[in-house]
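Computation of the quantities below employed the complete heavy-atom set of this structure, encompassing side-chain atoms and omitting hydrogens, waters and symmetry-equivalent molecules. Remember, it's 1-based here, ligands and their atoms both numbered in the order they're listed.
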Amino acid sequence: MGKIGKSIIYYQGQPVGTFAANDPNMDALNYDQCFIRDFVPSALAFLMKGQSEIVRNFLKITLALQSHEPQMDAFKPGPGLMPASFKIESKDGKEYLTADFGEHAIARVPPVDSCLWWIILLRAYTKATGDLSLSHQTEFQEGIKLILDMCLAHRFAMYPTMLVPDGAFTIDRRMGVYEHPLEIQVLFYAALRAARELLLPNNDNCTCLEDVNQRLGTLTYHLREYYWIDLKRLNEIYRFEGDEFGAEVANRFNIYAESIPGWLMEWLPGKGGYLAGNLGPGRMDFRFFALGNLMAIITSLASEQESQMMINLIEQRWRDLIGEMPMKICFPALEGMEWKIITGCDRKNLPWSYHNGGNWPMLLWFLVGAALKTNRIEVVYRAIDIAETHISEDKWAEYYDGKNGRLIGRQARKYQTWTIASYLMAKELMSNPDRLELLTFERE
Ligand code: GLC
């Protein structure tokens with residue numbers, strides 16, 4: 001944990017989080033802030049090492065930063081949202097916390113994943129320490145409910161999945177990941193499962209708990225049934241009829257067979273499968289997104305058989321998905337006209353770079369966790385071996401570029417905290433696979 005030591009942020013003398021990166025050779029921008037999603041692997045590594053104080057402090061101060069704004073001012077974050085990041089500022093010898101809900105971030109993206117990770121982390125803290133008193137505090141119960149109010153609100157969709165704008169999670173730039181992106185849906189599922197354990201079964205919470213249960217049923221069904229892609233399913237989609245009218249139709253979302261990308265027909269192995277990147281009216285995003293798929297395995301959203309098929313896919317398409325550094329954030333990259341239209345000509349998200357098909361070592365722990373969950377130990381060793389050949393020599397780079405992730409990302413920061421934390425956590429999980437219980441749920 002010494003490696004993370006230098007990244008720790010203190011507030012009023014207490015450790016409360018970690019900087020996103022500590023690269024002395026690059027402009028800090030907002031990388032000197034503590035991002036909620038980036039802190040997760042550090043938090044889990046701390047919990048696994050029995051150092052829970054920093055996690056407890058983090059959960060408390062982020063709760064205090066949760067938005068309670070009434071919806072009147074549409075330029076302000078809606079109630080329930082948690083910030084993307086926060087920092088400590090000093091004025092007249094006093095320290096203040098300032099939160100960024102995306103107002104300062106590039107393109108003003110709302111971090112929908114933050115509040116979901118917060119609930120998931122609160123449950124991990126509770127499991128690791130056995131300390132129920134934190135989540136049972138009134139403010140914590142209210143905080144959880146405020147998040148659920150926002151996430152469960154019935155708005156413009158008739159799907160159980162959550163409708164979000166583009167770039168509302170790890171991929172926080174325009175990448176065609178608006179509507180119902182997988183990562184958000186899987187985190188939503190995990191947050192609902194966690195909330196069900198954390199909310200006290202009293203009169204105040206009873207309606208909320210009913211809503212959570214109801215939504216979990218429909219959400220799980222929807223994701224398993226309609227996001228799943230394997231050869232059998234691809235064949236069905238390939239032979240779908242379009243424009244079917246009525247309630248009981250096979251092609252519910254009116255996906256046209258012509259929208260199946262050419263690469264997928266050759267690429268999908270017979271014994272492999274994965275969850276699609278997105279599903280909406282007339283649109284199935286066939287790209288493979290690592291975080292959502294791996295978390296679906298870890299949290300038991302995917303069935304045992306599906307989980308095995310997902311790891312088969314990773315094994316059989318190792319060069320594409322793992323390459324020289326585990327692992328690719330999404331596959332394949334958007335290129336040419338597609339890149340222009342979908343990313344809006346984003347120069348940071350050039351094909352095979354950054355979010356657009358770059359390799360991110362912070363994904364190592366998700367991969368190791370998913371491989372341990374499915375008992376595929378050879379994948380664990382292989383992934384850690386590859387990372388170890390150069391992760392520390394490359395000074396814990398943020399991401400890698402190229403089809404196989406051979407080059408350190410052009411604008412990647414060094415000493416990226418979640419790269420370090422993810423590696424530490426992967427090693428910890430390898431020695432103590434039982435610790436994965438902080439993130440897993442019983443299969444239902
Ligand atoms: C970038 C990433 C985001 C991450 C942040 C801090 O904005 O896209 O996922 O949280 O950097 O590392």
Side-chain angles (χ1 to χ4, degrees), residues 4 6-9 17-23 26-44 58 62 81-87 99-118 120-121 164-178 181-184 186-187 289-292 294-295 327-330 333-334 343-344 346-350 353-366 395-401 408-423 425:
I4 300 185
K6 274 203 208 137
S7 309
I8 294 181
I9 299 180
T18 48
F19 298 115
N22 225 335
D23 188 340
M26 274 180 98
D27 189 4
L29 301 178
N30 55 355
Y31 282 84
D32 60 355
Q33 305 202 10
C34 177
F35 280 74
I36 309 261
R37 73 176 74 85
D38 292 44
F39 183 64
V40 170
S42 295
L44 294 168
F58 169 88
T62 41
L81 263 189
M82 290 266 180
S85 62
F86 65 83
K87 65 177 171 189
D100 185 1
F101 287 84
E103 311 97 308
H104 301 276
I106 293 163
R108 311 289 180 263
V109 275
V112 180
D113 61 339
S114 289
C115 58
L116 305 173
W117 275 123
W118 184 85
I120 297 167
L121 194 58
V164 299
D166 217 343
F169 53 103
T170 314
I171 296 180
D172 55 4
R173 297 166 83 100
R174 190 175 147 192
M175 267 282 288
V177 288
Y178 54 91
L182 182 67
E183 181 170 324
I184 287 288
V186 177
L187 295 178
F289 287 85
L291 201 155
L294 298 171
M295 268 304 267
M327 92 175 262
K328 217 164 256 317
I329 195 163
C330 77
L334 299 167
T343 72
D346 184 342
R347 275 172 285 145
K348 196 165 178 185
N349 273 335
L350 290 173
S353 181
Y354 201 48
H355 300 140
N356 189 12
N359 291 42
W360 290 63
M362 63 86 181
L363 291 168
L364 182 65
W365 85 259
F366 292 95
K395 305 199 168 57
W396 314 99
E398 180 187 12
Y399 67 96
Y400 288 76
D401 285 354
I408 297 177
R410 196 182 262 162
Q411 296 184 50
R413 266 131 230 285
K414 303 282 178 73
Y415 305 103
Q416 180 83 21
T417 308
W418 63 354
T419 298
I420 306 174
S422 179
Y423 170 72
M425 208 188 134

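Here is the list of ligand 1 atoms found below 4.0 Å of a heavy atom in Thr170: 2 (C), 3 (C), 8 (O), 9 (O). Per-residue contacts place Asp172 under 4.0 angstrom from the following atoms of ligand 1 (heavy atoms of the residue considered): 1 (C), 2 (C), 3 (C), 7 (O), 8 (O). Close approach to Tyr354 involves these atoms of ligand 1, each under 4.0 Å from a residue heavy atom: 1 (C), 2 (C), 7 (O), 8 (O).
Using a non-hydrogen distance threshold of 4.0 Å, Gln416 registers as a contact of ligand 1. A heavy-atom separation below 4.0 Å is found between Tyr31 and ligand 1.
Cys34 is listed as a side-chain neighbour of Phe86, based on a closest heavy-atom distance under 4.5 Å. Side-chain contact between Lys87 and Asn30 is absent, with no heavy atoms from C-beta onward closer than 4.5 Å. Thr62 places none of its side-chain heavy atoms less than 4.5 Å from the side chain of Phe39. The closest side-chain heavy-atom distance from Met175 to Leu334 is below 4.5 Å.
At the top of the distance list for atom 5 (C) of ligand 1, counting protein heavy atoms only, stands Phe35 CE2, 3.9 Å.
At a 4.0 Å heavy-atom cut-off, ligand 1 touches His355 through the side chain alone. Contacts between Trp418 and ligand 1 below 4.0 angstrom, taking non-hydrogen atoms only, involve the side chain exclusively.
No side-chain donor-acceptor contact under 3.5 Å links Asp23 to the backbone of Tyr415.
With rounding to the nearest 0.5 angstrom, the CG atom of Leu291 is 11.0 Å from the CH2 atom of Trp360.
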List the atom pairs, with distances to 0.1 Å, where a side-chain N or O of residues 108-117 and a protein N or O form a donor-acceptor pair under 3.5 Å, not counting sequence neighbours.
{"unit_1": "Arg108", "atom_1": "NE", "unit_2": "Glu103", "atom_2": "O", "d": "2.9"}
{"unit_1": "Arg108", "atom_1": "NH1", "unit_2": "Glu103", "atom_2": "O", "d": "3.3"}
{"unit_1": "Arg108", "atom_1": "NH1", "unit_2": "Ala105", "atom_2": "O", "d": "2.8"}
{"unit_1": "Asp113", "atom_1": "OD1", "unit_2": "Arg37", "atom_2": "NH2", "d": "3.1"}
{"unit_1": "Asp113", "atom_1": "OD2", "unit_2": "Arg37", "atom_2": "NE", "d": "2.6"}
{"unit_1": "Ser114", "atom_1": "OG", "unit_2": "Pro83", "atom_2": "O", "d": "2.9"}

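In this comparison of Ile171, Asn349, Val109, Asp38, the heavy atom closest to atom 12 (O) of ligand 1 sits on Asp38.
Geometrically, ligand 1 and Trp360 share no nitrogen or oxygen pair separated by less than 3.5 Å.
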